[in-house]
Amino acid sequence: MDTTPEETRCTKCHRRLRNYSPDGLGPKCRRKVRKAGRSETINRRYKAHLVERAVELLEQGGLIPLRDTGKNRVFLAVSSDGSTAYRTTHSACTCPAGLRSVHDCKHRIAAMVMALAS
């Protein structure tokens with residue numbers, strides 16, 4: 001039986017992680033994401049309660065990168081109850097709030113925070 005641990009990598013920069021991380025980020029990337037979540041650009045542009053929910057989504061590891069197309073990074077965003085996943089970028093989201101709402105959903109805000117953290 002092979003008991004060698006699997007190599008875990010940061011979902012943002014793909015560096016090897018020494019310790020398990022529930023959000024999939026390394027310590028440097030986590031600091032960048034938290035700093036971007038508190039940035040003036042995000043807080044001025046979006047409602048405060050949506051920014052809080054977006055940062056919470058990022059801290060729980062609910063935003064999984066799928067691909068980077070150059071202009072847009074595509075993410076898989078997990079719903080609040082964990083039963084559904086939506087495709088999202090910083091410009092569009094397939095969740096019900098993203099399809100019909102006037103304001104941006106928390107998934108789009110989380111994708112914007114990840115884009116600002118790069």
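No hydrogens, no waters, no symmetry mates; every other heavy atom, side chains included, goes into these values. For reference, positions follow the sequence shown, starting with 1.
For R45, the side-chain contact (heavy atoms from CB on, under 4.5 Å) test picks out M112, with sequence neighbours left out. With sequence neighbours excluded, the residues forming a ring pair (Phe, Tyr, Trp, His ring centres under 6.0 Å) with Y86 are H107, listed by chain and number. Looking at residues two or more places apart in sequence or on another chain, you find no side-chain contact (heavy atoms from CB on, under 4.5 Å) involving R18. With sequence neighbours excluded, the residues that form a side-chain contact (heavy atoms from CB on, under 4.5 Å) with R44 are E40, T41. Under the rule for a salt bridge (charged side-chain N to carboxylate O under 4.0 Å, His left out), the partners of R9 that lie at least two apart in sequence or sit in another chain are E7. A search for side-chain contact (heavy atoms from CB on, under 4.5 Å) contacts involving L99 returns nothing, not counting sequence neighbours.
Between T88 and T94, every side-chain heavy-atom pair lies at or beyond the 4.5 Å cut-off. Between L25 and T11, some side-chain heavy-atom pair lies under the 4.5 Å cut-off. Considering only heavy atoms from C-beta on, R67 stays 4.5 Å or farther from R73 through its side chain.
Counting only residues at least two apart or on different chains, no ring pair (Phe, Tyr, Trp, His ring centres under 6.0 Å) pair has a member in residues 19-47. Counting only residues at least two apart or on different chains, the side-chain hydrogen bond (donor to acceptor under 3.5 Å, both in side chains) pairs with a member in residues 23-38 are S21-D23, S21-R30, D23-R30. Pairs passing the salt bridge (charged side-chain N to carboxylate O under 4.0 Å, His left out) check and including a residue from residues 74-83, sequence neighbours excluded, do not occur. For residues 85-94, the set of pairs meeting the salt bridge (charged side-chain N to carboxylate O under 4.0 Å, His left out) definition, not counting sequence neighbours, is empty. Evaluation of the salt bridge (charged side-chain N to carboxylate O under 4.0 Å, His left out) test over residues 100-111, restricted to residues two or more places apart or in two chains, returns D104-R108.
For C95 against C105, the heavy-atom pair with the smallest separation is SG-SG, 3.6 Å. The minimum heavy-atom distance linking G37 with V113 is given by the pair N-CG1, 3.8 Å.
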Tell me which donor-acceptor pairs under 3.5 Å the side chains of residues 47-60 have, and how far apart each pair is, sequence neighbours excluded?
unit_1	atom_1	unit_2	atom_2	d
E56	OE2	Q60	NE2	3.4

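Criterion: ILVMFWY side-chain heavy atoms under 4.5 Å apart, direct or through other members. Under it, M114 and L116 are part of a common hydrophobic cluster. A single hydrophobic cluster is not seen to contain both L76 and L63; linkage of ILVMFWY side chains at heavy-atom distances under 4.5 Å, directly or through other members, places them apart.
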